[in-house]
Student: 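Before I ask anything, let me first share the structure, which is written out below as structure tokens.
Only a predicted model underlies this, so the values are computations on that prediction, with no experimental measurement involved.
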Amino acid sequence: MTSLANHLSDLLGAAFTALDLPAPLGQVQASGRPDLAPFQCNGALAAAKIAKRAPREIAQAIADAIKEHPSITQVSIAGPGFLNLEPSQAAYTAQAAALAGDERCGASQTPTPQKVIIDFGGPNVAKPMHVGHLRSSVIGDALQRLARFAGHKVTSDIHLGDWGLQMGHLITELEDEQPDLPYFDAAATGPWPTEPPVTLDDLARLYPQAATNAKADEGRMLRSRKATAALQAGRAGYLALLHHFIAVSRAGLEKDFDALGVHFDLWKGESDVHHLIPAMIEGFTARHVAEKSDGALVIHIARDDDKKKQPPLILLSSEGSALYGTTDLATILDRKNTIGPDHTLYVVDQRQGQHFEQVFRAADKAGLAPQTSLEHIGFGTVNGTDGKPFKTREGGVMRLSDLLAMAKTAARARMAEAGIGEGMDEAALGDIARKVGLAAIKFADLRNQRMTNYVFDLERFTAFEGKTGPYLLYAAVRIKSVLRKAEAQGLTPGTITPKSAEEKALILALDGFDAACIGALSKRAPHILCEHVFELAQAFSRFYAACPILPEKDEAMRASRLALAALTLRQLECALGLLGLEAPERM
RNA sequence: GGUCCCGUAGCUCAACUGGAUAGAGCAGCCGCCUUCUAAGCGGCAGGUUGCAGGUUCGAUUCCUGCCGGGAUCGCCA
């Protein structure tokens with residue numbers, strides 16, 4: 001189906017074409033002045049430059065050409081040549097019917113499906129999930145859902161950080177604490193204990209400890225780097241430790257991501273492409289893509305027209321170990337061989353922008369993938385209300401699981417206060433609180449433009465009023481309640497025939513879904529969809545306040561409003577789903 | 001110091017790639033529950049878009065220069 005805005009754009013486009021002007025000038029958009037008309041077209045102003053004619057004169061010609069069309073009830077010219085368009089009653093009715101009859105609630109599918117990989121630049125095995133991981137998880141998840149919904153073939157990969165220096169840090173730090181473990185004997189070949197020598201808490205403690213020590217002591221750093229190289233060279237005890245670390249870490253991560261409702265097709269990590277590295281590097285060297293520099297093996301990626309100095313990508317450190325960029329290249333190679341993606345998105349902190357620039361250029365230079373097929377989806381850092389990196393009151397990082405628990409508790413308290421869910425069992429209440437708390441957190445994150453730095457404010461995250469996740473859920477829940485009662489009374493929805501301003505406004509809001517999905521995906525900007533869902537929920541709330549549904553005496557009008565409510569719920573739940581939110585039955 | 005990003009209401013953020021009177025939410029004030037969930041709805045107030053120039057019919061948006069904040073700059077990720 002076609003949105004009303006697109007339908008009108010086609011109409012205006014034809015009118016522009018008839019004047020020997022480009023059709024895209026006919027682009028119709030939601031009006032910036034909804035008090036004047038719901039839609040506007042600014043093409044006459046741009047056309048004035050091309051045709052060297054007065055903009056109002058062109059606008060008048062366009063208006064004359066379209067004013068008799070059945071979809072339009074009024075067209076007027078304002079200011080320097082804005083065209084204001086008011087759709088006809090027939091257009092509203094037809095559009096509502098089309099939306100109600102469309103399985104996808106008005107959202108189109110891409111005409112050019114692609115194979116897309118979404119790399120979440122996963123958590124580091126050595127560190128627990130904290131609030132900083134929220135962004136990549138939630139943004140990446142919204143993008144994978146949007147891309148799938150649009151018809152692309154998506155493969156998501158958490159892509160754990162499990163192969164670099166952090167493993168050397170963990171190994172050597174553990175050795176200092178428990179030197180008698182069998183893993184540290186260079187000659188030992190196993191078998192190894194099946195019980196992991198560490199817990200999740202141990203990992204969380206060991207890594208920062210080692211990193212701090214190494215920063216202060218060059219000799220300590222060298223031990224970590226040598227251990228990293230030895231691990232990568234295949235030392236059996238270290239590999240056994242690696243597998244323990246990954247298993248312990250993954251068990252914790254699965255719990256966290258499950259609680260967050262984020263799922264991946266692949267749980268790959270850097271260590272999974274280890275076996276590809278030697279041959280890859282050999283090939284690079286043979287083809288003179290890579291060369292020696294200061295004891296390391298590098299790929300030069302600087303270009304003559306660079307404004308900014310581009311340091312080379314380091315493939316092998318002077319200790320002989322692979323680095324972050326090396327495994328990223330090997331991963332691109334692996335994906336080329338196993339999946340053959342058209343496009344790869346890396347949803348990773350903006351601070352790694354330079355790293356990805358290096359990797360993408362190197363991949364292009366080495367013939368692994370064209371640079372245009374690789375895209376870094378950066379985002380701002382998570383700061384506290386003071387503008388500095390977020391810390392708890394005690395000065396530590398806040399764990400994601402603690403944040404989720406807090407939001408859930410706050411939601412539960414709000415329900416008790418409002419007397420919601422009396423008579424329900426504890427499990428059902430907990431499930432509602434979980435959904436509400438999760439919606440609060442996810443929406444608070446997603447509604448921000450991706451690139452700007454992000455202020456983490458616990459109060460805002462657990463707020464349930466205003467422009468929040470729970471507000472959206474609440475709109476859906478109220479519709480569900482109405483529909484339940486309608487069904488109990490044997491009432492059935494009918495043809496949507498909007499009469500009031502609120503009903504028309506709601507149809508227009510519904511009609512914006514397609515543009516929101518396209519915008520959010522093409523700009524990799526979930527906040528555009530957030531904006532749409534909020535406007536939809538708002539339009540519904542106004543309709544709900546102004547237009548009685550069940551108490552309405554006129555049968556046709558009641559059936560019309562019931563159908564409009566049902567349609568709204570369908571799109572609301574669809575859009576919420578794309579953002580990774582879920583509406584309960586009651587709240 | 002080089003490069004990049006940011007600066008919009010008291011606070012947190014939008015503004016569909018140059019359009020009309022810069023919009024929301026929170027906080028503040030005033031109304032609305034014996035009609036479907038008040039986690040709601042309506043209204044009021046709140047701005048020289050960091051500063052100064054430039055480009056043009058028109059600038060939060062594009063260009064230049066300042067001021068202020070952040071990120072990053074070869075073997076960490």
Student: So A:Q350, base contact, sugar-phosphate only, or nothing? Heavy-atom distance under 4.0 Å.
Tutor: nothing

Student: Looking at the angle O4'-C1'-N9-C4 for a purine or O4'-C1'-N1-C2 for a pyrimidine, is B:U48 syn or anti, with syn meaning within 90° of 0?
Tutor: anti

Student: Under the rule syn = chi within 90° of 0, otherwise anti, which is B:C33?
Tutor: syn

Student: Atom pairs, N/O to N/O, protein against nucleotides 73-76 of chain B, distance under 3.5 Å?
Tutor:
{"unit_1": "B:G74", "atom_1": "N1", "unit_2": "A:S293", "atom_2": "OG", "d": "3.1"}
{"unit_1": "B:G74", "atom_1": "N2", "unit_2": "A:S293", "atom_2": "OG", "d": "3.4"}
{"unit_1": "B:C75", "atom_1": "O2", "unit_2": "A:S318", "atom_2": "N", "d": "2.9"}
{"unit_1": "B:C75", "atom_1": "N4", "unit_2": "A:D294", "atom_2": "O", "d": "2.8"}

Student: Which part of the nucleic acid, if any, lies within reach of A:A214 when heavy atoms closer than 4.0 Å are counted: base, sugar-phosphate only, or nothing?
Tutor: nothing

Student: Could you pick out which residue, A:R450 or A:F534, lies toward the 5' side of RNA chain B when each is mapped onto its nearest nucleotide?
Tutor: A:R450

Student: Sorted by first residue and then second, give each salt bridge (Lys or Arg N to Asp or Glu O under 4.0 Å) pair with at least one member in residues 472-482 of chain A; sequence neighbours left out.
Tutor: A:K480-A:E573, A:K480-A:E585

Student: Rounding to an integer number of angstrom, what distance separates B:G40 and B:G46 when you compare their C1' atoms?
Tutor: 23 Å

Student: Could you tell me how far apart A:F461 (CZ) and B:C26 (P) are, to the nearest whole angstrom?
Tutor: 17 Å

Student: Does the B:A24 base have a donor-acceptor partner in the side chain of A:E531 within less than 3.5 Å?
Tutor: no

Student: So do the side chains of A:S3 and A:D511 get within less than 4.5 Å of each other, counting heavy atoms only?
Tutor: yes

Student: If you find the nucleotide of RNA chain B closest to A:H355 and the one closest to A:A78, which residue's nucleotide is nearer the 5' end?
Tutor: A:A78

Student: Within this structure, what is the CG-to-P distance between A:D349 and B:C5, rounded to whole angstrom?
Tutor: 17 Å

Student: With sequence neighbours excluded, tell me which residues meet side-chain hydrogen bond (donor to acceptor under 3.5 Å, both in side chains) with A:T331.
Tutor: none

Student: Would you measure the distance from the P atom in B:G69 across to the matching atom in B:G7 and give it in whole Å?
Tutor: 16 Å

Student: Between B:G19 and B:G31, how many Å separate the two P atoms, rounded to a whole number?
Tutor: 41 Å

Student: What integer distance in Å separates A:K523:NZ from B:A15:C1'?
Tutor: 11 Å

Student: Report the residues that fulfil side-chain hydrogen bond (donor to acceptor under 3.5 Å, both in side chains) with A:D431, sequence neighbours left out, ordered by chain and then residue number.
Tutor: A:R434, A:K435

Student: Which residue pairs pass the ring-ring contact (aromatic ring centres under 6.0 Å, His included) test with at least one member in residues 296-322 of chain A, sequence neighbours excluded?
Tutor: none

Student: Determine the contact category for A:L473: base if any of its heavy atoms lies under 4.0 Å from a base atom, sugar-phosphate if only primed atoms, P, OP1 or OP2 are that close, otherwise nothing.
Tutor: nothing

Student: Look at the side-chain N and O atoms of A:Q29 and state whether any lies under 4.0 Å from the OP1 or OP2 oxygen of B:G19.
Tutor: no

Student: I'd like to check the side chain to side chain contact (heavy atoms under 4.5 Å, CB included) partners of A:P493; sequence neighbours left out, ordered by chain and number.
Tutor: A:L562, A:A563

Student: For A:E218, give me all partners under salt bridge (charged side-chain N to carboxylate O under 4.0 Å, His left out), at least two apart in sequence or on another chain.
Tutor: none

Student: Nearest whole angstrom, please: distance from the C1' of B:U72 to the CD of A:E357.
Tutor: 13 Å

Student: Going by the angle between their ring planes, with limits at 30° and 60°, are A:W163 and A:H274 parallel, tilted or perpendicular?
Tutor: tilted

Student: Show me the pairs that pass salt bridge (Lys or Arg N to Asp or Glu O under 4.0 Å) and involve residues 523-545 of chain A, at least two apart or across chains.
Tutor: A:E375-A:R524, A:K467-A:E531

Student: Using the C1' atoms only, state how far B:C57 lies from B:U64, rounded to an integer number of Å.
Tutor: 23 Å

Student: Run the side-chain hydrogen bond (donor to acceptor under 3.5 Å, both in side chains) test against A:E552 and tell me which residues pass, sequence neighbours left out.
Tutor: A:R561

Student: How many angstroms lie between CG in A:L323 and CG in A:L316, if you round to the nearest 0.5 Å?
Tutor: 8.0 Å

Student: With a 4.5 Å limit on heavy-atom distance, are the side chains of A:Y324 and A:V359 in contact?
Tutor: no

Student: Taking only the C1' atom of each, what is the distance from B:U12 to B:C76 in whole angstrom?
Tutor: 33 Å

Student: For the pair made of CZ in A:F379 and P in B:C4, what is the distance, rounded to whole Å?
Tutor: 23 Å

Student: Where the side chain of A:R447 is concerned, which of B:U12, B:A77, B:A20 is the nearest nucleotide?
Tutor: B:U12

Student: Stem ranges for RNA chain B, with three or more consecutive Watson-Crick or G-U pairs under 3.5 Å?
Tutor: B:1-5 with B:69-73, B:10-13 with B:23-26, B:28-32 with B:40-44, B:50-54 with B:62-66

Student: Does the B:G19 base have a donor-acceptor partner in the side chain of A:K49 within less than 3.5 Å?
Tutor: no

Student: Please give, in whole Å, the distance from B:A71 P to A:Q352 CD?
Tutor: 15 Å

Student: To the nearest Å, how far apart are A:N448 CG and B:A24 P?
Tutor: 19 Å

Student: A:F443 CZ to B:C26 P: how many Å, rounded?
Tutor: 13 Å

Student: For nucleotides 36-42 of chain B, read 5' to 3', which letter fits each nucleotide if B means a protein heavy atom sits under 4.0 Å from the base, S means only the sugar-phosphate is that close, and - means neither?
Tutor: BBSBSSS

Student: How far, in whole Å, is B:G10 from B:G28 if one measures between their C1' atoms?
Tutor: 10 Å

Student: Taking the P atom of each, how far is B:C29 from B:A15, in whole Å?
Tutor: 31 Å

Student: Are A:Y207 and A:F245 close enough that their ring centres sit under 6.0 Å apart?
Tutor: no

Student: Sticking with atom C1', work out how far B:U56 lies from B:G18, rounded to a whole angstrom.
Tutor: 10 Å

Student: Is any side-chain nitrogen or oxygen of A:H527 closer than 4.0 Å to OP1 or OP2 of B:A15?
Tutor: yes

Student: Go through the structure and list residues passing side-chain hydrogen bond (donor to acceptor under 3.5 Å, both in side chains) with A:D157, not counting sequence neighbours.
Tutor: A:H159, A:R335

Student: Could you tell me whether the side chain of A:N84 has a donor or acceptor atom within less than 3.5 Å of a complementary atom in the base of B:A20?
Tutor: yes

